[in-house]
Protein chains: 2
Amino acid sequence: MTDDRTMTIREMCDTYDVTPRTLRFYEAKELLFPIREGQKRLFTKRDRARLKLILRGKRFGFSLEEIRQLLDLYHMGDQQQTQLARTYEIAQQRLTDMETQRDELNQAIDELKEQMRWGEKMLASMDQSKRAAE
Amino acid sequence: MTDDRTMTIREMCDTYDVTPRTLRFYEAKELLFPIREGQKRLFTKRDRARLKLILRGKRFGFSLEEIRQLLDLYHMGDQQQTQLARTYEIAQQRLTDMETQRDELNQAIDELKEQMRWGEKMLASMDQSKRAAE
DNA sequence: GCCTGATCTTACGTCAACGTAAAAGTGACG
DNA sequence: CGTCACTTTTACGTTGACGTAAGATCAGGC
């Protein structure tokens, strides 16, 4: 069997390196749905799976709102393929954005490297005149 | 001779594709220092050069505050090589950050592509059952 | 019963880079 | 003189993803 034990907020924080505030925030935004035992939250296996997807989504650069939509569709069963296609579309768009961003970043890196050869020379020459002055 | 004519705010906006608000904002943040003729701002060659560097800096992912510091150091004359070295250090750090970011982005792109092969299959199978239902 | 530590709710604060609205001044044209 | 287009200042609003402070509550241990 897989580990179906529920986790406290602290265990979640330690496991996934997030703050309690973050988990409560995600709950408020309807990204997570921990069980409420009295006051306390108990995070199930499902919550942990969702949190993993949230964190991954953030690495992809999705906003929380986008992630929520994707997550909702994820658990929507098999009706409404229109929405699923929409999901796919969103991901497609994000992918394009990321590739564009990467290309721009690469160009910026090259440019910055170029600029820095400048600075290198400048620093070297200044170091020289500093030594000469001593 | 190079073009030393001063430019109005509108000419600047059209030339560099920014809004008046942006230019005034940059002035407030001490990134630009247009001459004040009465009420109006007149942007000199120096302002244009600075603006170009600002826009480039933004493409590099520097914050405006970082850009301001770099710009200040840029016009500091040749004393204080400590600060120049600091500038170089900042740029170096930024470069490292950008490369890290690019690598993560590349990894995210690969992951996302992988995920999407999933979605592709899912869409295809759902399309099938949809056709069958008609 | 009391203390301690963890958790809870509520709600205002933060940061960056401007956007936007209001009200007023300026200059040229007719 | 009017008014039209442009610019100015001032200052509050926006967005996203939480941080942070204040105070309530609860379970366990002594």
Euclidean distance, atom [atom1] of residue [X] to atom [atom2] of [N] [Å, nearest integer]:
| X | N | atom1 | atom2 | result |
| --- | --- | --- | --- | --- |
| Met12(B) | dC6(D) | CE | C1' | 17 Å |
| Tyr16(B) | dC18(C) | OH | C1' | 20 Å |
| Ile67(B) | dA16(C) | CD1 | P | 13 Å |
| Glu65(A) | dC18(D) | CD | C1' | 16 Å |
| Arg41(B) | dG27(C) | CZ | P | 15 Å |
| Arg10(B) | dG27(C) | CZ | C1' | 17 Å |
| Met7(A) | dT7(C) | CE | P | 12 Å |
| Asp14(B) | dC6(D) | CG | P | 10 Å |

Decide, yes or no, whether a salt bridge links Arg36(B) with Glu27(B) under the criterion of side-chain N to carboxylate O below 4.0 Å.
-> yes
Glu65(A)/Arg68(A) salt bridge by N-O under 4.0 Å criterion | yes
Just checking, any donor-acceptor pair under 3.5 angstrom between side chains of Asp47(B) and Thr44(B)?
-> yes
Taking protein heavy atoms under 4.0 Å as touching, what does nucleotides 21-29 of chain D look like 5' to 3' if B marks base contact, S marks sugar-phosphate-only contact and - marks none?
-> ---------
Do you reckon Phe25(B) sits in the same ILVMFWY cluster as Leu55(B), going by side-chain contacts under 4.5 Å, direct or chained?
-> yes
Are Leu53(A) and Tyr16(A) connected in the hydrophobic side-chain network, where two residues link if heavy atoms are under 4.5 Å apart?
-> yes
Whichever of Phe62(B) and Thr8(A) has its nearest DNA chain C nucleotide further upstream toward 5' | Thr8(A)
So, the side chain of [X] versus the backbone of [Y]: is there a donor-acceptor pair under 3.5 Å, distance only?
| X | Y | result |
| --- | --- | --- |
| Glu66(B) | Ser63(B) | yes |
| Arg41(B) | Ile9(B) | no |
| Glu11(B) | Thr8(B) | yes |

Near DNA chain D, under 4.0 Å by heavy atom, which residues of residues 21-36 of chain A?
-> Arg21(A), Thr22(A), Phe25(A), Tyr26(A)
Distance check: side-chain N/O of Thr19(A) vs OP1/OP2 of dG19(D), anything under 4.0 Å?
-> yes
Name all residues meeting the side chain to side chain contact (heavy atoms under 4.5 Å, CB included) criterion together with Arg56(A); count only those two or more places apart in sequence or in a different chain, and write none if there are none.
-> Arg59(A), Phe60(A), Glu111(B), Gln115(B)
